[in-house]
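Encoded as structure tokens, the structure appears first; notes follow it.
Only heavy atoms go into these numbers, but all of them, side chains included; no hydrogens, no water, no symmetry mates.
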Amino acid sequence: MPLNADGDLGYGSVAAGSGPGLAGNMGGAENVPLLMPEPQPERYSWKPLSKDELELIAGSAGWRKFRTRLVLLFWLTWVIMLGAAIAIIVQSPRPVAPPLHWWEKELFYRLRPALLMDTQQGAIGGFEVMRERLPYLKSLEVGAVILEGVIPKTISASNLTEVSHNLGSMPQFQKLIAESNREGIKILLDLCDLEVINDKESENSTEGLSDSSGYIQYSLKYWLEQGISGFGICDTDAAYSEKTMEVWRALLQEYSEKDNERILVVRETSDSFVVANALGGGVNGSLVQLTVRSLLPPSAHPLPVPEVAHALEESLQARHTHWASWTVGGPVLPELQRIIMVLLMTLPGTPVVSDGEEVSPAQNTTVNAIGDEIYIQDEGKKWRSAIALFQSLSRTRSREEALLFGEFSFLPFNASSSSANPPLAFLRSWGCVHFLVLLNLGSEPHSLSPNWAPRLPEGGVFVTSTRMDRLGSVSLETLVMKPQEGIVIKLFESGSFS
């Protein structure tokens, strides 16, 4: 690089010879360039935004638009998911509930007012005691009461509009009908075994409207006008014939209204228990709304456990073409009474309970009728538990579709079971809800085998039990049934049962 010896000294130059080390080498001045270091780039380090900077950026127009669009996107996604879920639920196939008549939904209660009369106060008649008992029947979810003995058995055809004077007066009976209707309880008259109903001459009349038959029809119209919801007869009555039932049905339809249809109930009393349960009555089923069958065969004394188990199994396996209706029938051993009640209230069809089978309401007592005598026993806590069981069963039946009209599947146990009396079990199903009913009539505990019903859900929740001591969830694999115990379990998972 050339040196400027004569020029002016500038920035970045030094004068030659100005220093002692250069004086002897050069006689003049020259410019010498200085070597400057190149500037290094600054290293970037992240620093969080200060509060003021953050507030400034958050309030900017760009960020406000971003937040608005994000919120709109969230709600739009949520609405789309909700609509998809609703569409899946609406389009998914589910069973359609069949329309039921009132007599198919209600619990029937058979009662003899004469047994309610206070023998120590003769002024109180059976109708008045019955009227005071209406709130109790309502608490049991009773929807219809069949009154027995209101009309004397030996009464003539011309007096069928009169009531037994031992029970009270006609105005008292009319008041009972009016108050029961206000409570939502329908009243039916039992005409079973009335001599005038069994008059063969009136049944053989070609007109069907002459002599005593005409009086009978006039009397039926009279009671229907008073608010009676129907009548009950026995299958052994002479009136239980095709011709008579057609005339009576037309009469009942004449007084029927929407939600207040008048009905005819036939009680099977035939000694041929198995045949009656398998084949039904001899009259066309369409002429009769309810045919009440017994779970147990008629007997003068309680049957032993093996015979009871056999009779119940036959009832469970019987097939019926018409709507079924059940009553206990014969006498029951005390240790089996609650189990039979669990079965009666969970079977398909309409249950008909006789007075005393659910435990009497007054002062925690139970009524046991033997012949024409009544023995009242104060059982305290034990009988309060029986009332609680009955109320639990009746309320569950009235609220659960599976128990009202669900499918019925009998679940047999292995015949080679070591137990002398293997339990009875069946399933009531509707949609994805299933009720498993287990009945252990034996005197030994029984556990469920894992291979007994492999397609059943493994768990569920207790609905009720005969001892009223089971609550919460349950696993079928660990369940052990106690002796003489009935259990109702609600299962939620769906499955196929046949």
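- Once rounded to the nearest 0.5 Å, the distance linking OG of S429 with NE2 of H434 reads 4.5 Å.
- If you check the side chains of H101 and E261, you find a donor sitting under 3.5 Å from an acceptor.
- Under the 4.5 Å side-chain criterion, counting only non-hydrogen atoms from C-beta, L427 is not in contact with V437.
- One finds no salt bridge joining R293 and D235 here, because no Lys/Arg side-chain nitrogen approaches an Asp/Glu carboxylate oxygen to under 4.0 Å.
- Annotation: the span from E401 atom CD to L100 atom CG amounts to 9.5 Å, rounded to 0.5 Å.
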* Passes salt bridge (Lys or Arg N to Asp or Glu O under 4.0 Å), K138 versus E183? Steps please. -> CA-CA 7 Å; K138 190 65 178 179; E183 291 287 343; 5.7 Å; no
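- Expressed to the nearest 0.5 Å, how far CD of Q289 lies from CH2 of W103 amounts to 5.0 Å.
- Defined by atom type and a distance below 3.5 Å, a donor-acceptor pair is present between the side-chain atoms of R338 and S385.
- For the pair H446 and P423, the minimum side-chain heavy-atom distance is below 4.5 Å.
- Residues I489 and V474 meet the side-chain proximity criterion, which asks for heavy atoms closer than 4.5 Å.
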* side-chain contact (heavy atoms from CB on, under 4.5 Å) between L436 and V488, intermediate numbers included -> CA-CA 6 Å; L436 176 63; V488 181; over 6 Å; no
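- A salt bridge does not link E407 with R428: every distance from a Lys NZ or Arg NE/NH1/NH2 to an Asp or Glu carboxylate oxygen is 4.0 Å or more.
- A distance of 9.5 Å separates OG1 in T327 from CG in L296, rounded to the nearest 0.5 Å.
- The two residues S394 and E141 come nearest to each other via the heavy atoms OG-CG, 3.6 Å.
- F173 is listed as a side-chain neighbour of L176, based on a closest heavy-atom distance under 4.5 Å.
- Taking CG from N166 and CZ from F127, the interatomic distance works out to 10.0 Å, rounded to the nearest 0.5 Å.
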* For E106 and K186, run salt bridge (Lys or Arg N to Asp or Glu O under 4.0 Å): C-alpha distance rounded to whole Å, both residues' side-chain angles, the deciding distance at 0.1 Å, then the answer. => CA-CA 10 Å; E106 301 293 353; K186 302 181 184 298; over 6 Å; no
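- Nearest heavy atom pair, residue L438 against residue M481, reads CB-SD, 3.5 Å.
- Side-chain N or O atoms of W223 include none that pairs as donor or acceptor with a backbone N or O of G230 at under 3.5 Å.
- Between L251 and E254, some side-chain heavy-atom pair lies under the 4.5 Å cut-off.
- When side chains are defined from C-beta on, L224 counts as touching R262, because their heavy atoms get closer than 4.5 Å.
- Proximity of L194 to I151: side-chain heavy atoms (C-beta onward) are separated by under 4.5 Å at one or more points.
- Side chain of D237 to backbone of I233: no donor-acceptor contact under 3.5 angstrom is found.
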* Between W248 and Y240, does a ring pair (Phe, Tyr, Trp, His ring centres under 6.0 Å) hold up when you go through it step by step? -> CA-CA 10 Å; W248 285 26; Y240 188 55; over 10 Å; no
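- For T478 (side chain) and S475 (main-chain N/O), a donor-acceptor pair under 3.5 Å exists by modelled atom type.
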* To do: List the steps, then state whether side-chain contact (heavy atoms from CB on, under 4.5 Å) holds for R467 with L389.
  => CA-CA 8 Å; R467 292 178 173 84; L389 171 63; over 6 Å; no
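- Between atom CD of residue E357 and atom OH of residue Y109 there is a gap of 8.5 Å, rounded to the nearest 0.5 Å.
- The two residues E104 and R397 have their closest heavy-atom pair at O-NH2, 3.4 Å.
- Salt-bridge check for K490 with E400: passed, with a basic side-chain N closer than 4.0 Å to an acidic carboxylate O.
- Taking the six-membered ring for Trp and thresholds of 30 and 60 degrees, F426 and F408 have ring planes inclined between 30 and 60 degrees apart.
- Looking only at side-chain heavy atoms (C-beta outward), I263 and L252 stay at 4.5 Å or farther from each other.
- With hydrogens and angles ignored, the 3.5 Å screen pairs no side-chain donor or acceptor of Q217 with any backbone N or O of Y215.
- For E246, there are no side chain to side chain donor-acceptor pair (under 3.5 Å) partners at least two apart in sequence or on another chain.
- Formation of a donor-acceptor pair under 3.5 Å by the Q172 side chain with backbone atoms of S169 is found in this model.
- For D190 and R112, the salt-bridge test fails: no basic side-chain N is under 4.0 Å from an acidic carboxylate O.
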* Verdict with reasoning, L140 to F390, per side-chain contact (heavy atoms from CB on, under 4.5 Å) -> CA-CA 7 Å; L140 297 180; F390 189 87; 3.7 Å; yes
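- The two residues R133 and L111 come nearest to each other via the heavy atoms NH1-CD1, 3.6 Å.
- Nearest heavy-atom pair across L188 and S229 is CG-C, 4.3 Å.
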* To do: Go through E485 and I339 one step at a time and tell me if the side-chain contact (heavy atoms from CB on, under 4.5 Å) criterion holds.
  => CA-CA 6 Å; E485 182 182 32; I339 300 179; 5.6 Å; no
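- The side chain to side chain donor-acceptor pair (under 3.5 Å) search around T350 returns W323, not counting sequence neighbours.
- Residue Y222 places its OH atom among more than 12 non-hydrogen atoms of other residues, nucleotides or ligands, all under 6.0 Å distant.
- When all heavy atoms of W326 and V292 are compared, the closest pair comes out as C-CG1, 4.2 Å.
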